[in-house]
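Since we're looking at a predicted model, the values are computed, not measured. The basis for the numbers below is simple: all heavy atoms, side chains too, and nothing from hydrogens, waters or symmetry mates.
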Amino acid sequence: MSFVEYSDCIQDGDVAIVYLNHNSVMPVKVQHGAQTQTRYGVIRHSSDLIGQRYGSKVTCSKGGWVYVLHPTPELWTVALPHRTQILYTTDIATITMMLELKPGSVVCESGTGSGSLSHAILRTIAPTGHLHTVEFHQQRAEKVQEEFTEHRVAHLVTVRNQDVCKDGFGVSGVADAVFLDIPSPWEAVGHARAAMKRQGGRLCSFSPCIEQVQRTCQALVDQGFEEISTLEVLLRVHDVRTVSLPLPDFGPDSRTETSPNHAAISLKTTTAPREMPGHTGYLTFATKPRT
């Protein structure tokens with residue numbers, strides 16, 4: 001099992017995702033002889049998981065059942081233990097596209113946080129790319145390094161425990177893209193420029209407050225970045241349901257016969273939710289020109 005490579009069967013030591021229902025998933029470290037308690041009963045790793053194919057339906061001790069899924073960055077985002085606020089797939093997809101990431105890309109990231117975006121970046125840049133990620137908090141840096149090793153992607157990432165605003169990313173002239181998710185990104189713009197290749201590259205900064213965006217944009221201008229733009233991604237999910245609509249009555253018509261059983265028609269339609277998720281953060285993108 002690896003977050004960047006697919007395996008057919010569950011093996012001892014894998015991290016599997018247990019799907020309980022549409023709104024509930026949980027990560028499980030598969031270990032010989034271990035058990036996992038769920039609302040549907042116990043899952044015994046040796047007999048219920050090891051050797052089974054990913055995607056299998058597993059019956060728990062109480063008779064209920066779950067699906068055991070292969071880990072992906074998207075599933076990890078909704079299942080990971082939160083040590084910080086995280087980025088979700090809606091923003092992650094936009095960031096990955098706008099930074100023009102591809103296999104072989106070199107990316108600098110700060111801060112690492114809970115590793116939600118990091119896993120998506122690693123999947124995109126594998127097998128020959130590399131991620132340099134900086135985390136200010138020592139315990140979080142150590143924990144995310146353990147997770148990268150457990151998820152078998154440690155060879156694709158270097159974790160540094162330092163202050164990016166003071167000490168930079170620890171590399172120079174190697175990055176195709178830089179991502180900033182820190183309280184004062186404008187203080188790290190100069191270090192981001194230094195970390196990027198002379199051929200240029202793309203930068204993204206995530207900030208929840210517009211005042212942060214204003215200061216970051218000014219710093220980007222001062223550092224010679226171009227094509228500066230800020231956007232906000234809002235997710236609006238529509239519910240699909242069946243509705244019954246009455247057929248219009250145009251009065252008597254001798255050419256047709258109307259049956260009471262056909263006085264209405266059923267069809268599928270979508271309705272917008274009464275409430276929707278609001279603001280998460282502003283994404284500011286910029287391009288470093290060739291120097």
Could you measure the distance from the [atom1] atom of [X] to the [atom2] atom of [Y]? Nearest 0.5 Å is fine.
| X | Y | atom1 | atom2 | result |
| --- | --- | --- | --- | --- |
| Ser46 | Asp12 | OG | CG | 7.5 Å |
| Asp181 | Thr84 | CG | OG1 | 8.0 Å |
| Arg44 | Cys60 | CZ | SG | 9.5 Å |
| Ser47 | Gln35 | OG | CD | 8.5 Å |
| Ser61 | Asp48 | OG | CG | 9.0 Å |
| Trp65 | Thr38 | CH2 | OG1 | 12.0 Å |

Side-chain polar contacts of residues 274-291 - donor-acceptor pairs under 3.5 angstrom, sequence neighbours left out - could you list them?
from: His279; atom 1: ND1; to: Glu232; atom 2: OE2; distance (Å): 2.6
from: His279; atom 1: NE2; to: Pro208; atom 2: O; distance (Å): 2.8
from: Thr280; atom 1: OG1; to: Asp91; atom 2: OD2; distance (Å): 3.1
from: Thr284; atom 1: OG1; to: Thr230; atom 2: OG1; distance (Å): 2.9
from: Thr287; atom 1: OG1; to: Arg202; atom 2: NH1; distance (Å): 2.7
from: Thr287; atom 1: OG1; to: Glu227; atom 2: OE1; distance (Å): 2.8
from: Lys288; atom 1: NZ; to: Arg193; atom 2: O; distance (Å): 3.2
from: Lys288; atom 1: NZ; to: Met196; atom 2: O; distance (Å): 3.4
from: Lys288; atom 1: NZ; to: Lys197; atom 2: O; distance (Å): 3.2
from: Thr291; atom 1: OG1; to: Arg198; atom 2: O; distance (Å): 3.4

CD (Glu5) with more than 12 external heavy atoms under 6.0 Å: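 For Glu5, atom CD is not crowded (no more than 12 foreign heavy atoms under 6.0 Å).
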
Residue His32 excluded, over 12 heavy atoms near NE2 under 6.0 Å: no

From CA spacing to verdict: side chain to side chain contact (heavy atoms under 4.5 Å, CB included), His45, Thr36: CA-CA 8 Å; His45 294 197; Thr36 297; 2.7 Å; yes

Results of salt bridge (Lys or Arg N to Asp or Glu O under 4.0 Å) for Arg152 - residues two or more places apart only: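 Salt bridge (Lys or Arg N to Asp or Glu O under 4.0 Å) list for Arg152, sorted by chain: Asp14.
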
Report yes or no: do [X] and [Y] belong to one cluster of Ile/Leu/Val/Met/Phe/Trp/Tyr joined by side chain heavy-atom distances under 4.5 Å?
| X | Y | answer |
| --- | --- | --- |
| Ile182 | Ile121 | no |
| Ile86 | Met26 | yes |
| Val159 | Leu131 | yes |
| Val157 | Val178 | no |
| Leu234 | Leu231 | no |

Pair His132 and Phe169, ring centroids less than 6.0 Å apart: no

Criterion side chain to side chain contact (heavy atoms under 4.5 Å, CB included) on Gln218 and Arg215, from CA distance to verdict: CA-CA 5 Å; Gln218 185 59 55; Arg215 297 189 65 175; 5.8 Å; no

Side chains of [X] and [Y]: does their closest heavy-atom pair fall under 4.5 Å?
| X | Y | answer |
| --- | --- | --- |
| Ile92 | Thr77 | yes |
| Val153 | Ser2 | yes |
| Leu220 | Leu203 | yes |
| Ser56 | Val68 | no |
| Tyr40 | Asn21 | yes |
| Val171 | Cys108 | yes |
| Val15 | Met1 | yes |
| Leu69 | Val25 | no |

Verdict with reasoning, Val243 to Leu267, per side chain to side chain contact (heavy atoms under 4.5 Å, CB included): CA-CA 6 Å; Val243 298; Leu267 52 84; 3.6 Å; yes

Grab the two heavy atoms, one from [X] and one from [Y], that are nearest each other, plus how far apart they are.
| X | Y | value |
| --- | --- | --- |
| Val18 | Val28 | CG2-CG2, 3.5 Å |
| Ala126 | Pro103 | O-CB, 3.4 Å |
| Ala188 | Val164 | CB-CG1, 4.2 Å |
| Gln223 | Val189 | CG-CG1, 3.6 Å |
| Ser114 | Leu80 | CB-CD1, 3.8 Å |
| Ile17 | Pro71 | CG1-CA, 3.8 Å |

CA sep, side-chain torsions, deciding dist, call: Leu49, Ile43, side chain to side chain contact (heavy atoms under 4.5 Å, CB included): CA-CA 8 Å; Leu49 298 183; Ile43 301 174; 3.8 Å; yes

Of all pairs that satisfy ring pair (Phe, Tyr, Trp, His ring centres under 6.0 Å), the ones with a partner from residues 184-235, not counting sequence neighbours: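 Qualifying pairs: none.
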
May I have the list of side-chain donor-acceptor pairs in residues 140-150 shorter than 3.5 Å, sequence neighbours left out?
from: Arg140; atom 1: NE; to: Glu135; atom 2: OE2; distance (Å): 3.3
from: Arg140; atom 1: NH2; to: Glu135; atom 2: OE2; distance (Å): 3.2
from: Glu142; atom 1: OE2; to: Gln138; atom 2: NE2; distance (Å): 3.0
from: Glu147; atom 1: OE1; to: Arg83; atom 2: NH2; distance (Å): 3.1
from: Glu147; atom 1: OE2; to: Arg83; atom 2: NH1; distance (Å): 2.9
from: Thr149; atom 1: OG1; to: Gln145; atom 2: O; distance (Å): 3.1
from: Glu150; atom 1: OE2; to: Lys29; atom 2: NZ; distance (Å): 3.3

Tyr88: partners by ring pair (Phe, Tyr, Trp, His ring centres under 6.0 Å), with sequence neighbours left out: none

Residue pairs fulfilling salt bridge (charged side-chain N to carboxylate O under 4.0 Å, His left out) with at least one residue in residues 102-129, sequence neighbours excluded: Glu74-Arg123

